[in-house]
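Structure first, commentary second.
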Amino acid sequence: MKIDVLTLFPKMFEGPMGESIIGKAVAKGLLDINVSNFREYSDNKHQTVDDYPYGGGAGMLLKVQPIYDNLKAIDEADPTVKKRVILLDPAGKQFNQAMAEEFSQEEHLVFICGHYEGYDERIRTLVTDEVSLGDYVLTGGELGAMVMIDATVRLLPDVLGNQTSAQTDSYSTGLLEHPQYTRPAEFKGMKVPEVLTNGNHKLIEEWQLKESLRRTVQRRPDLLADLELTPQMEKFLTEIKQEETE
C-alpha cells in the first residue's frame, strides 16, 4: 500500500510513522508513506495557503490552489493507480473499524490534513471521502490522520505477526473483545478463569464469545442493534441477563 499525507506540519509524522507496527511495515516493504507540505505548492511568493472567507466570518480558510497542485503532483507521479482521497473534516462521516477495513483494501490512500477555520468548499470536489475522528474538534487533521493510518495499516496482510489478532479485535467481529489473561495464573488472589486453563478449546471459544457479549452489553449495548445474532448468541444473552439480575 502507498499512503500520501498532505499537511502543513510534516514533522508531526516523523515519530509515529516510523515506530511500532507502521515502522515495521515500512521496513518490510509492505507500506510506502510520503508526507508532503502543501505550502510548497502555493503559487505566490509568500507561500500563503489560507485567506479570509468571502462574505466575512471568523478565522481563515485553506485555499484550494495549493491542495489542488499537491494532489496533481501525486497523481502525475503514479497516474495508473486510482487514489482514495480522504479529507479530515469534523463534519465528515465518523471513522470506525468498518471504514478502516474498507481503506485497507485500497492500493493508494491520500489524507488531507486541514488547519485553521476550515476549507474552501471547492477542496471538497477533489476528494472521495470526508471523514471525522469523532464528535470533537482538534487543532488540525494530523492526529486524526495518524489514527486512521494506524487502524488501516495493521489490517494489511503480513503486517501483524498474527493475522488472527486483527480479525478478533474489538469491533472487527461486531463485539467488544473478551477479557484476556496471561501468566501468572494467580496474582494477589486474582485467578485466571479455570475454563481458560483446562485445554478444552470448544469450551474456551464458548466462554470467549459469551464474555464478548457480556462486555458489549455492559459497555456498548448500541453495537448489538446492528449485529446478526446466532441462536447460540441469543442463548448466551439470555443467560447474561439472568446472571446480571441475580
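Predicted model only: the values in this text are computed from it and were never measured.
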(message) Assess the residue pair Glu206 and Lys202 against the criterion (salt bridge (Lys or Arg N to Asp or Glu O under 4.0 Å)); give the C-alpha distance rounded to whole Å, side-chain angles, the decisive distance to 0.1 Å, and a yes or no.
(response) CA-CA 6 Å; Glu206 290 177 351; Lys202 183 175 183 297; 2.6 Å; yes
(request) Please check if Met1 and Val81 belong to a single hydrophobic cluster, counting links between Ile, Leu, Val, Met, Phe, Trp and Tyr side chain heavy atoms closer than 4.5 Å. (result) no
(message) Contact between Thr238 and Gln242 at the side-chain level, heavy atoms closer than 4.5 Å - yes or no?
(response) yes
(request) Please determine if Lys235 and Glu239 form a salt bridge, counting it only when a charged side-chain N lies under 4.0 Å from a carboxylate O. (result) yes
(message) Please find the pair of heavy atoms, one from Ser42 and one from Val49, that lie closest to each other, and give the distance.
(response) CB-CG1, 4.5 Å
(request) For Asp135, look at atom CG and say whether over 12 heavy atoms of other residues, nucleotides or ligands are found less than 6.0 Å away. (result) no
(message) If hydrophobic clusters are built by linking Ile, Leu, Val, Met, Phe, Trp and Tyr wherever their side-chain heavy atoms come under 4.5 Å apart, do Trp207 and Leu213 end up in the same one?
(response) no
(request) List the atom of Arg215, the atom of Glu177, and the distance in Å for their closest heavy-atom pair. (result) CD-O, 3.3 Å
(request) Flag the pair Asp129 and Arg84 as a salt bridge only when some basic side-chain nitrogen lies within less than 4.0 angstrom of an acidic carboxylate oxygen. (result) yes
(request) Assign the ring pair Phe9 / His115 to parallel, tilted or perpendicular, where the plane angle (0 to 90°) is split at 30° and 60°. (result) tilted
(message) Under a 4.0 Å threshold between the charged nitrogen and the carboxylate oxygen, would Arg214 count as salt-bridged to Glu211?
(response) yes
(message) Between Tyr136 and Met148, is there shared hydrophobic-cluster membership here, with clusters defined by ILVMFWY side-chain heavy atoms closer than 4.5 Å?
(response) yes
(request) Say whether Ile74 and Leu109 are linked into one hydrophobic cluster, either directly or through other cluster members, by side-chain heavy-atom distances under 4.5 angstrom. (result) yes
(request) Using a cut-off of 6.0 Å, state whether more than 12 heavy atoms not belonging to Lys83 lie near its atom NZ. (result) yes
(message) Between Arg124 and Asp89, does the salt bridge (Lys or Arg N to Asp or Glu O under 4.0 Å) criterion hold? Intermediate values first, please.
(response) CA-CA 10 Å; Arg124 301 183 193 279; Asp89 182 22; 2.6 Å; yes
(request) Tell me, yes or no, whether the heavy-atom count around Gln94 atom CD, taken from other residues, nucleotides or ligands under 6.0 Å, exceeds 12. (result) yes
(request) For a side chain to side chain contact (heavy atoms under 4.5 Å, CB included) with Tyr119, tell me which candidate from Leu87, Val127, Leu61 qualifies. (result) Leu87
(message) I'd like to know if Leu196 and Leu176 are part of one continuous hydrophobic network [Ile/Leu/Val/Met/Phe/Trp/Tyr, side-chain heavy atoms within less than 4.5 Å].
(response) no
